[in-house]
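Fair warning: this is a prediction, and the values are worked out from it, not measured in the lab. For the numbers below, each heavy atom of this structure counts, side chains included, while hydrogens, waters and symmetry mates do not.
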Amino acid sequence: MSDFWRGNRVLVTGATGLVGSWLVKTLIEKRAYVVILMRDNDPQSELVKSGLLKFVTVVNGALEDYLSVERAINEYEIDTVFHLGAQTIVGTALRSPLPTFETNIRGTYNLLEACRVHKSLVKRILIASSDKAYGSSPILPYTEEMPLVGKHPYDVSKSCTDLLSYTYYHTYDLPVVIARCGNIFGGGDLNWSRIIPGTIKNLYQGLSPEIRSDGQSTRDYIYVEDVVNAYLLLALAARREDVQGQAFNFGPNRPHTVLEIVETLRKLMGRTDLLPNIQNHARAEIKDQTLSSAKAERILGWKPTFDLESGLLATIKWYENYLESYALSIL
């Protein structure tokens with residue numbers, strides 16, 4: 001896989017996000033030529049703080065602007081596209097759905113249309129989706145043939161993203177593949193409203209963890225390095241007959257409640273004295289979600305290499321270093 005990416009001209013959208021930063025780092029290590037579409041230059045982004053930005057080509061623009069997307073693909077003769085760019089916060093989508101629809105839906109069809117126009121260049125397109133695309137289901141775990149029935153703004157935006165991807169594959173024969181993951185965690189996620197970074201930050205500062213829900217919702221939690229490996233494997237296989245035009249689930253096949261995650265973090269950080277504050281005011285969130293990764297294991301040979309505890313330990317270490325350096329920088 002390392003030899004394949006050497007010299008490959010890759011466009012990454014959403015490169016300043018959690019997974020995007022780790023993916024770009026890995027692609028640079030594999031000697032790919034990386035182009036990113038960047039709307040905001042966030043100095044706190046891991047991509048910026050780590051110094052990786054100087055190793056990539058930056059196209060300034062938003063997914064909602066078709067001409068910026070098309071220019072990035074055409075001028076830099078892109079061979080592979082990783083479409084990670086999205087508004088990913090459920091609460092943000094609930095408060096203001098229009099910007100989420102614009103980024104996640106319009107942004108996706110702008111990208112796919114630009115790839116269609118430059119089909120002679122683009123050889124593989126990976127769409128980073130989510131288990132939220134399935135919506136709420138009484139039957140779990142989710143498998144890839146299940147319908148996409150999102151109901152709330154964020155979930156609907158992901159259902160639409162996947163349906164648009166299927167459209168461009170079936171109608172225009174674009175080499176599209178879709179990756180659906182559970183809740184992704186790891187160092188570099190500065191969305192403190194998310195349960196893992198928010199809990200680590202509070203525990204580090206000697207504060208009680210805050211749980212927006214009742215804490216009983218179940219989710220798959222998958223470490224970011226396992227996700228990057230999944231994306232690279234799936235993109236590499238995108239033109240295979242048994243892969244192209246399909247969606248693949250990636251998860252640990254072991255859901256946990258929010259309370260279990262918080263309890264594990266309290267133990268790992270030695271702060272069992274700090275009891276969680278259960279607020280129980282979350283809205284428009286799916287109660288229980290878990291993915292079957294059997295298809296990815298069977299066809300791609302993918303399995304997660306990090307269990308929950310090892311992934312959380314690596315994540316805690318990253319945040320402790322980050323929060324310590326941040327505290328020192330403002331002294």
More than 12 foreign heavy atoms under 6.0 Å from NZ of Lys25: is that the case here?
no

In Å and rounded to the nearest 0.5 Å, what is the OG1 to NZ distance from Thr57 to Lys54?
15.0 Å

Does Lys287 NZ have over 12 foreign heavy atoms under 6.0 Å away?
yes

Lys295 side chain to Ala247 main-chain N or O, any donor-acceptor pair under 3.5 Å?
yes

Note: Tyr319 and Pro197 closest approach over all heavy atoms is OH-CB, 3.5 Å

I need the minimum non-hydrogen distance between Glu260 and Pro255, along with the two atoms involved.
OE1-O, 4.4 Å

When Val10, Leu27, Val35, Val24 are each screened for side chain to side chain contact (heavy atoms under 4.5 Å, CB included) with Val56, the one that passes is Val24

Compare all side-chain heavy atoms of Thr80 with those of Leu126 and state whether any distance is below 4.5 angstrom.
no

Identify whether Ile28 and Leu11 are in the same connected component of the hydrophobic contact network (ILVMFWY, side-chain heavy atoms under 4.5 Å).
no

Closest non-hydrogen atom pair between Ile73 and Cys115, with its separation:
CD1-SG, 3.8 Å

Separation of Asp242 CG from Arg298 CZ (nearest 0.5 Å):
9.5 Å

Looking at CG of Leu233 and CD1 of Ile299, how far apart are the two atoms once the value is rounded to the nearest 0.5 Å?
13.0 Å

Please answer: with hydrophobic residues joined when any side-chain heavy atoms are less than 4.5 Å apart, are Ile195 and Val90 in the same cluster?
no

With rounding to the nearest 0.5 angstrom, report the CZ to CD distance, Arg106 to Glu64.
8.0 Å

Determine, using the 4.5 Å side-chain heavy-atom cutoff (strictly less than), whether Val258 and Leu207 are members of one ILVMFWY cluster.
no

Taking CD in Glu309 as the centre, count heavy atoms belonging to other residues, nucleotides or ligands within less than 6.0 Å. Is the count above 12?
no

Let's go through Phe248 and Val243 carefully: what are the C-alpha distance in whole Å and the side-chain angles of both, what is the deciding distance for side chain to side chain contact (heavy atoms under 4.5 Å, CB included) to 0.1 Å, and is it a yes or a no?
CA-CA 9 Å; Phe248 288 80; Val243 172; 3.9 Å; yes

Here's one to test your reading of the geometry: is the NZ or CZ of Arg180 within 45 degrees of the ring axis of Tyr142 and under 6.0 Å from its centre?
no

Going from CG on Leu37 to CG on Asp65, what distance comes out if it is rounded to the nearest 0.5 angstrom?
8.5 Å

Between Ile36 and Tyr33, is there a shared hydrophobic cluster once you connect ILVMFWY residues whose side-chain heavy atoms come closer than 4.5 Å?
no

Which of Gln289, His256, Lys132 passes side chain to side chain donor-acceptor pair (under 3.5 Å) with Asn183? Answer is Lys132

Should Arg124 and Asp79 be marked as a salt bridge (Lys or Arg N to Asp or Glu O under 4.0 Å) after you check the CA-CA gap, both sets of side-chain angles, and the distance that decides it?
CA-CA 7 Å; Arg124 57 194 60 80; Asp79 177 87; 2.6 Å; yes

Donor-acceptor pair between His118 and Glu77 side chains, under 3.5 angstrom:
no

Run the numbers on Ile278 and Leu259 for side chain to side chain contact (heavy atoms under 4.5 Å, CB included), then give the verdict.
CA-CA 9 Å; Ile278 301 175; Leu259 280 172; 4.0 Å; yes

Has Arg116 got a side-chain atom pairing as donor or acceptor with Tyr168's backbone, closer than 3.5 angstrom?
no

All heavy atoms of Ala235 vs all of Trp5, minimum pair found to be CB-CH2, 4.0 Å

Do the non-hydrogen side-chain atoms of Asn229 and Thr305 ever get within less than 4.5 Å of each other?
no

Looking only at atom types and distance, does a side-chain atom of Thr13 sit under 3.5 Å from a main-chain N or O of Leu84, one as donor and one as acceptor?
yes

For the residue pair Ile200 and Thr315, what are the closest heavy atoms and their distance?
CD1-CG2, 3.9 Å

Measure the shortest side-chain to side-chain distance between Asp189 and Ile196 over non-hydrogen atoms and say whether it is less than 4.5 angstrom.
no

Answer yes or no: is there a side-chain heavy-atom contact under 4.5 Å between Tyr204 and Arg271?
no

Walk me through it: do Leu63 and His83 pass the test side chain to side chain contact (heavy atoms under 4.5 Å, CB included)?
CA-CA 10 Å; Leu63 283 166; His83 178 43; 3.7 Å; yes

Test of understanding: clusters of I, L, V, M, F, W, Y form through side-chain heavy atoms closer than 4.5 Å, transitively. Do Phe4 and Val81 belong to the same one?
no

With no hydrogens and no angle check, just 3.5 Å: does a side-chain donor-acceptor pair link Gln44 and Tyr322?
yes

Does any non-hydrogen side-chain atom of Ile127 lie less than 4.5 Å from one of Tyr169?
no

Is there a donor-acceptor contact under 3.5 Å linking the side chains of Asp42 and Thr16?
no

Measuring only between side-chain heavy atoms, which start at C-beta, is Leu232 closer than 4.5 Å to Phe82?
yes

Using every non-hydrogen atom in the two residues, find where Val176 and Ser165 come nearest and quote the distance to one decimal.
CG1-CB, 3.8 Å

Does atom NZ (Lys267) have a neighbourhood of more than 12 heavy atoms from anything else shown, all under 6.0 Å?
no

Would the number of heavy atoms belonging to other residues, nucleotides or ligands and lying under 6.0 Å from CZ of Arg254 be above 12?
no

Answer with yes or no whether the side chains of Ser292 and Asn249 bring together a donor and an acceptor at under 3.5 Å.
no

Does the pair Glu320/Lys317 count as a salt bridge with the N-to-O cut at 4.0 Å?
no

Does any part of the side chain of Ile261, heavy atoms only, come nearer than 4.5 Å to the side chain of Thr199, both counted from C-beta?
no

Phe101 and Pro153, any side-chain heavy atoms less than 4.5 Å apart
yes

By salt bridge (Lys or Arg N to Asp or Glu O under 4.0 Å), which residues pair with Asp40, not counting sequence neighbours?
none

Criterion side chain to side chain contact (heavy atoms under 4.5 Å, CB included) on Phe250 and Asp226, from CA distance to verdict
CA-CA 9 Å; Phe250 298 98; Asp226 282 328; over 6 Å; no

Spacing of Thr100 atom OG1 and Tyr154 atom OH [to the nearest 0.5 Å]:
9.0 Å

Going through the distances and angles, do Arg266 and Glu263 end up as a salt bridge (Lys or Arg N to Asp or Glu O under 4.0 Å)?
CA-CA 5 Å; Arg266 290 170 62 223; Glu263 179 63 18; 2.3 Å; yes

No-hydrogen, no-angle side-chain donor-acceptor test under 3.5 Å, Thr290 and Asn253:
no

Return yes when atom CZ of Arg194 has more than 12 non-hydrogen atoms of other residues, nucleotides or ligands closer than 6.0 Å, and no otherwise.
yes

